[in-house]
Amino acid sequence: MSLLRRWARRRNVEGTAIADDLWQSTLERSPFLDGLSGAEEAKLRELTTRFLAEKQFAGAAGFELTDAMLVAIAVQACLPILNLGLECYSGWIGVVVYPGEFRVRREELDESGVVHEWDDDISGEAFPGGPVVLSWEDIAMSADGSEDGYNVVIHEFAHKLDALTGDADGVPPAPPGFSAQRWIDMLRTHYQAFCALVDSDVEYLPFDEYAAEHPAEFFAVMSEAFFTQPDLLDQTYPDLYQALRAFYRQDPLARLRAIDGPPNDSADSR
């Protein structure tokens with residue numbers, strides 16, 4: 001609780017700093033942050049600091065949060081809004097962290113009017129107008145790159161961006177250069193194509209089949225891929241990569257190539 005009180009006292013206080021050693025260790029544990037320019041890193045650090053000052057964190061089920069945990073969550077939450085601004089996360093303040101997966105009660109009304117209820121074990125959830133709830137076990141697993149493409153923080157905060165239009169329906173606000181209809185068609189066409197791929201029982205799926213659950217999950221999973229596997233997303237859905245590049249106003253693939261060098265001719269051919 002003393003840690004949470006310290007962060008609570010810092011809320012809305014300008015100039016609160018993240019210690020240099022803590023910031024550097026966070027970057028080193030987050031390979032998807034490699035390739036940021038000096039200006040981008042400085043901007044991300046400022047956004048992360050402001051996020052920590054404006055949001056309220058709580059550990060659930062007796063889980064104790066450390067400064068390192070808070071910064072790790074905040075930096076991943078702020079990466080998608082690096083060029084969008086913290087105002088995209090306005091209207092709510094809570095981030096709840098469980099030690100591992102947590103259980104939520106679900107209910108669904110079927111076509112016959114019958115309500116079905118069940119318990120669902122999940123690693124994250126973004127409540128409309130409410131808090132983001134996360135599993136630290138999954139955060140730690142995704143932050144170190146041990147699971148390709150998986151990032152529960154980016155996933156749940158993509159839902160928050162999706163909900164800027166009112167509902168998390170897989171269609172966030174259209175980016176510059178896209179009409180509303182072109183943006184909707186782009187996302188829906190790729191969602192339907194991915195669903196068809198899943199239904200075909202193909203042996204290999206380029207992305208988590210959970211993306212086929214709902215258009216909102218497709219947008220969230222593709223957002224994970226955009227930041228953690230930009231090369232794979234560009235190879236699989238090049239036009240979708242460019243659309244997300246316009247939406248997020250970032251180019252993770254360019255960062256990756258700046259580190260690894262340009263692709264050779266054979267790797268670049270599709």
Engineer: Measuring from E224:CD to F157:CZ, what's the distance to the nearest 0.5 Å?
Structural biologist: 13.0 Å
Engineer: Whether the side chain of E28 engages the backbone of S25 through a donor-acceptor N/O pair (distance < 3.5 Å, no angle test) should be reported.
Structural biologist: no
Engineer: Given the side-chain rings of Y237 and F194, with only the six-membered ring counted for Trp, is the space between their centroids under 6.0 Å?
Structural biologist: no
Engineer: Within the 3.5 Å criterion, strictly below it, is a donor on D251 or Y241 matched to an acceptor on the partner's side chain?
Structural biologist: yes
Engineer: Are F226 and P252 packed together at the side-chain level, in the sense that at least one heavy-atom pair is separated by less than 4.5 angstrom?
Structural biologist: yes
Engineer: How about CD on E209, more than 12 heavy atoms from neighbouring residues, nucleotides or ligands closer than 6.0 Å, or not?
Structural biologist: no
Engineer: So do K160 and E156 actually touch side chain to side chain, heavy atoms under 4.5 Å?
Structural biologist: no
Engineer: Are the side chains of Q229 and L233 in contact, using a 4.5 Å heavy-atom criterion?
Structural biologist: no
Engineer: Identify, with sequence neighbours excluded, every residue that meets salt bridge (charged side-chain N to carboxylate O under 4.0 Å, His left out) alongside D208.
Structural biologist: none
Engineer: Would the distance check show the side chain of Q56 and the main-chain N or O of I93 forming a donor-acceptor pair, the cut-off being under 3.5 Å?
Structural biologist: no
Engineer: Could you check if a side-chain atom of E87 sits within less than 4.5 angstrom of a side-chain atom of I81, using non-hydrogen atoms only?
Structural biologist: no
Engineer: Could you check whether any side-chain heavy atom of N83 comes within less than 4.5 Å of a side-chain heavy atom of K43, counting everything from C-beta outward?
Structural biologist: yes
Engineer: Does F247 have any ring pair (Phe, Tyr, Trp, His ring centres under 6.0 Å) partners at least two apart in sequence or in another chain, and if so, which?
Structural biologist: W183, F219
Engineer: Any side-chain to backbone donor/acceptor pair from Q250 onto L79? Under 3.5 Å, distance only.
Structural biologist: yes
Engineer: Looking at M141, is its backbone amide N or carbonyl O close enough to the side chain of Y150 to form a donor-acceptor pair, meaning the two atoms are under 3.5 Å apart?
Structural biologist: no
Engineer: For F51 and F57, take the angle between the two ring planes, folded into 0 to 90°, and tell me which bin it lands in: parallel under 30, tilted 30 to 60, perpendicular over 60.
Structural biologist: perpendicular
Engineer: Measure the OG-CZ distance between S37 and R255 for me, rounded to the nearest 0.5 Å.
Structural biologist: 7.5 Å
Engineer: Is there a donor-acceptor pair closer than 3.5 Å between any side-chain N or O of D169 and the backbone N or O of V171?
Structural biologist: yes
Engineer: Below 4.5 Å, heavy atoms only, C-beta onward: do P80 and L161 meet side chain to side chain?
Structural biologist: yes
Engineer: When you measure from the side chain of Y191 to the backbone N and O of A212, does any donor-acceptor pair fall under 3.5 Å?
Structural biologist: yes
Engineer: Answer yes or no: is there a side-chain heavy-atom contact under 4.5 Å between L240 and T189?
Structural biologist: no
Engineer: Do S223 and Y248 have side-chain atoms, one donor and one acceptor, less than 3.5 Å apart?
Structural biologist: yes
Engineer: Decide yes or no for C88 and L164: does some side-chain heavy atom of the first lie under 4.5 Å from some side-chain heavy atom of the second?
Structural biologist: yes
Engineer: For L82, is there any backbone N or O sitting under 3.5 Å from a side-chain donor or acceptor partner on R249?
Structural biologist: no
Engineer: So does R45 pair up with D20, basic N to acidic O under 4.0 Å?
Structural biologist: yes
Engineer: Between S30 and L33 (side chain of the first, backbone of the second, donor and acceptor by atom type, cut-off under 3.5 Å), is there such a pair?
Structural biologist: no
Engineer: Are E125 and H159 linked by a side-chain donor-acceptor pair shorter than 3.5 Å?
Structural biologist: no
Engineer: Check for a donor-acceptor pair, side chain of D162 on one end and backbone N or O of G170 on the other, with a separation under 3.5 Å.
Structural biologist: yes
Engineer: Rounded to the nearest 0.5 Å, what separation is found between the CZ atom of F218 and the CD atom of Q192?
Structural biologist: 10.0 Å
